[in-house]
Amino acid sequence: MRHYFGKVPEDEAEFWLRYGEALWLEERSSKRLAAAFARLFGGRR
């Protein structure tokens, strides 16, 4: 979470909200990287 938001929230509700956002951002980044590698090596996604 620190990677995306710069800090870890102290409030539990905000912590879980930010955690979900961080997971979504990480998944999105992974998919974009996988697509880039697929295009690089001649595949399509």
Side-chain angles (χ1 to χ4, degrees):
M1 244 183 289
R2 279 193 180 103
H3 174 75
Y4 293 109
F5 305 114
K7 67 177 184 131
V8 175
E10 294 181 20
D11 179 79
E12 186 177 352
E14 186 179 351
F15 171 85
W16 289 113
L17 177 65
R18 297 291 180 203
Y19 181 71
E21 289 177 18
L23 288 177
W24 180 80
L25 288 169
E26 191 67 31
E27 180 183 13
R28 183 174 157 211
S29 176
S30 296
K31 286 181 179 179
R32 292 174 111 188
L33 185 59
F37 275 111
R39 282 192 304 273
L40 178 67
F41 293 108
R44 291 199 173 239
R45 267 196 151 188

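Around CZ of Phe15, the count of heavy atoms belonging to other residues, nucleotides or ligands within 6.0 Å exceeds 12.
In this structure, Phe37 and Phe41 have parallel ring planes: the angle between them is below the 30° cut-off, well short of the 60° mark.
At a threshold of 4.5 Å between side-chain heavy atoms, the hydrophobic network of Ile, Leu, Val, Met, Phe, Trp and Tyr places Leu17 and Leu23 in two separate groups.
The salt bridge (Lys or Arg N to Asp or Glu O under 4.0 Å) test applied to Glu21 returns Arg18, not counting sequence neighbours. Among residues two or more places apart in sequence or in another chain, the salt bridge (Lys or Arg N to Asp or Glu O under 4.0 Å) test is passed with Glu10 by none.
Distance alone, capped at 3.5 Å, places no donor-acceptor pair between the Ser29 side chain and the Leu25 backbone.
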